[in-house]
Amino acid sequence: MRWKTFFSLLFFCLLTFNVDGQSTLRLMSYNIRHGAGLDERLDFDRIAEVINREHPDVVALQEVDSVTQRIGGCDLLGELGKLTGMQQVYASAISFDGGKYGIGLLCRKKPLAIRRVPLPGREEPRMLLIAEFKDYVFCCTHLSLTEEDQLASVEKIGKLLEDEKKPVFLAGDLNAEPDSPTMMAFKEKFTVLNGEKEKTIPADNPQSCIDYILGYVANDSRYSVITNYVVNEPVASDHRPVFVNVCISGINLEQDLSWEELQKDYQFPEWYTEARFGIWATIGPQSVPRLGGGWYARHMFMQDVGSQTFGRNAYAYHLKVFGPQSQKGYTEVIHQWKAERLNTDSLVAYFKSLEARYLVVHANHHDHFDNFASTYHPWNSVNMGPHKDIVGLFEQSARKYGLPFGVSSHDDRFLNWWLSAFGADTSGLYKGIPYEGRMTKADGTGKWWEGYDPAQLYGLPPEQRTSEYEQKIKENYLLRQQELVTKYKVDLLWAILR
């Protein structure tokens, strides 16, 4: 694969995250209790903040008032649309308190078509809201409290969807426990995408799961859940929201797209264009040495850095503090990185006090070490060093303090950057003894990194690299960038293109 094609694919996958021409869809369902929290405070900003933190493509909302007296006669869904920057679709179920009461959708893109279908409910009428998008259909509902009406609704929903060819999702407050007859009936045609074992109500101490996101499988649609969770929000409503990031099988991304095609539908988010100041935090094993600069890992293997001043002290410092580079290489630096005093809440609170509008954190540097719970690369901060998900900790703190969160990835050049690790001293006591880059997995016996392969950190020795090997490196890079975007819900990915 050519590098241009490769990076086109990468950014095709990562610039925006909805299914319209993309691979993944971020789904959310939230019973918002007409905007009133468990503290009985009516707070639309708080509801919008919960939604904005998860950056969904589409949200199913239940218990949505429209111009009722208890919310001051305002348009609740319209207010949330303004606060989230999303399109709004409303379906009234009943007249109530001088206005309407029902369900609604917030979505990034305008639906192609809308259907509003009444559902049975003896205590009050219920509604099904169906929105058709280019590549999928999304449904929202709030089922009756009565099991007989629930089962009748399941049957009606199934008949409405039986001719649908596109992938279909159904989200909402179904008022049914996972093992109930209602959910058993749903499971004949749907698969549950959110974790049923995670409870959603009451929000301050969840005891039951009655909120769901389902995928329709009766038309042979297939879904791969990248991540799912109940959002930890104990006050804003009496329910906690559920979130699913799902990949729809069968969408082909293998296209050689031009930059113009990639950019055609992309718009910079408002938070980014309006921001004037953000914090970019550099963190990693190279923060351990006190001398040597930001390219310490490369320069520690270079007796002579030429005219550079940046890394002039790295070699001598490493030899003195850690030992000879042929015996104690960068693995020792990784091992000594503990981040024991890292308090991401304190740091992010400080950044916000400086009026930073967003936060970007190093996911990896040219050293090919991942600062996150990497599925595709064993040399990462969870398996070794601090044994912490550094990116995950910063992401949680950024959401807590309401800052858009991004990651920077500098890993594209590690094969060339690490060439110095395959050399040897040209003079002195250790002249000619190969540096750590040429060690093998077997050399780790009895060392702290026993079982890990140095070739997965440094790359294979240059003379062993083939075009097939470099292709696998590119594919691994893509998988890791996709994981960063999906697992950590990033608002921004910064990557170097060369």
Side-chain angles (χ1 to χ4, degrees), residues 28-48 50-51 58-84 86-107 110-111 113-132 137-157 159-161 170-176 182 200-203 210-212 236-242:
M28 188 173 181
S29 182
Y30 197 6
N31 183 321
I32 61 172
R33 199 189 182 213
H34 67 273
L38 286 182
D39 55 3
E40 301 304 329
R41 194 174 90 226
L42 197 65
D43 193 335
F44 302 161
D45 288 321
R46 183 166 58 182
I47 294 291
V50 174
I51 294 170
V58 60
V59 188
L61 298 175
Q62 304 87 49
E63 297 194 24
V64 184
D65 281 20
S66 176
V67 299
T68 60
Q69 292 184 26
R70 68 177 175 180
I71 63 167
C74 71
D75 175 10
L76 173 52
L77 192 62
E79 291 299 315
L80 291 177
K82 293 176 185 177
L83 293 168
T84 60
M86 300 175 77
Q87 304 275 340
Q88 313 105 51
V89 182
Y90 188 63
S92 168
I94 61 172
S95 297
F96 175 76
D97 197 24
K100 302 292 184 180
Y101 171 86
I103 58 177
L105 293 180
L106 294 172
C107 36
K110 185 178 180 179
I114 297 293
R115 284 188 288 170
R116 297 172 176 86
V117 182
L119 294 178
R122 60 196 64 190
E123 74 284 355
E124 65 183 49
R126 303 285 173 161
M127 289 293 293
L128 174 70
L129 181 54
I130 305 174
E132 180 184 358
V137 174
F138 189 80
C139 308
C140 170
T141 194
H142 185 184
L143 292 188
S144 168
L145 296 170
T146 307
E147 186 176 282
E148 184 178 346
D149 291 336
Q150 292 176 2
L151 292 171
S153 295
V154 174
E155 183 179 1
K156 187 171 185 177
I157 292 169
K159 289 181 178 178
L160 285 168
L161 299 176
L170 173 68
D173 177 353
L174 304 185
N175 278 315
T182 299
T200 62
I201 188 171
I210 61 174
D211 301 272
Y212 300 89
S237 173
D238 58 341
H239 288 242
R240 293 191 177 194
V242 292

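Residues take their numbers from the sequence shown, with the count starting at 1.
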Is it true that a side-chain atom of E132 and a backbone atom of I130 form a donor plus acceptor pair closer than 3.5 Å?
no

Counting N and O atoms only, with roles assigned by atom type, does the side chain of E123 sit under 3.5 Å from a partner on the main chain of G121, one being a donor and the other an acceptor?
no

Please check: side-chain N/O of S237 versus main-chain N/O of N31, any donor-acceptor pairing under 3.5 Å?
yes

Ion pair present between D65 and R70, side-chain N to carboxylate O less than 4.0 angstrom?
yes

Measuring from L145:CG to D173:CG, what's the distance to the nearest 0.5 Å?
8.5 Å

Main-chain N/O of L143 paired to Q150 side chain as donor or acceptor, under 3.5 Å:
no

With a 4.5 Å limit on heavy-atom distance, are the side chains of H34 and L42 in contact?
yes

Within-4.5 Å side-chain heavy-atom neighbours: I51 and L83
no

How about L76 and F44: do any of their side-chain heavy atoms sit closer than 4.5 Å?
yes

Quick one, V59 and L105 - any side-chain contact, counting heavy atoms below 4.5 Å?
no

State whether the side chain of D149 and the backbone N or O of R122 hold a donor-acceptor pair below 3.5 Å, judged by distance alone.
yes

Checking R116 side chain against Y90 main chain: does a donor-acceptor pair fall under 3.5 Å?
yes

Over all atoms of both residues, closest heavy-atom pair of H142 and I103:
CB-CG2, 3.9 Å

What's the separation between atom CG in N175 and atom CD in Q62, rounded to the nearest 0.5 Å?
9.5 Å

Go through the structure and list residues passing salt bridge (charged side-chain N to carboxylate O under 4.0 Å, His left out) with K82, not counting sequence neighbours.
E79

K100 and T68: side chain donor to acceptor below 3.5 Å
no

Restricting to non-hydrogen atoms, name the atom on A91 and the atom on L129 that form the minimum distance, rounded to 0.1 Å.
CB-CD1, 4.1 Å

Checking P111 now: which residues fulfil side chain to side chain contact (heavy atoms under 4.5 Å, CB included) with it, not counting sequence neighbours?
V89, C107, I114, A131, F133

Within this structure, what is the NZ-CG distance for the pair K159 and L161, rounded to the nearest 0.5 Å?
13.0 Å

Shortest non-hydrogen contact between F138 and A60, atoms and distance:
CE2-CB, 3.8 Å

Would you say the side chain of Q88 lies within less than 4.5 Å of the side chain of L106, judging by non-hydrogen atoms?
yes

Can you check whether R126 reaches T141 side chain to side chain, under 4.5 Å on heavy atoms?
no

Apply side chain to side chain contact (heavy atoms under 4.5 Å, CB included) to residues L174 and D211 and explain how you reach the verdict.
CA-CA 6 Å; L174 304 185; D211 301 272; over 6 Å; no

Donor-acceptor contact below 3.5 Å, side chain S144 vs main chain T146:
yes

Stepwise side chain to side chain contact (heavy atoms under 4.5 Å, CB included) test for R46 and D39:
CA-CA 12 Å; R46 183 166 58 182; D39 55 3; 2.9 Å; yes

Check whether any side-chain N or O of R33 sits under 3.5 Å from a backbone N or O of G37 as a donor-acceptor pair, and report yes or no.
yes

State whether the side chain of R240 and the backbone N or O of A203 hold a donor-acceptor pair below 3.5 Å, judged by distance alone.
yes

Closest heavy-atom pair, V50 versus A236, reported as atoms and distance to 0.1 Å, is CG2-CB, 4.2 Å

Side chain proximity check, K156 to V117, heavy atoms < 4.5 angstrom
yes

Does L80 reach the side chain of L61, with side-chain heavy atoms less than 4.5 Å apart?
yes

Crowding at CD, E124 (>12 non-hydrogen neighbours, <6.0 Å):
yes

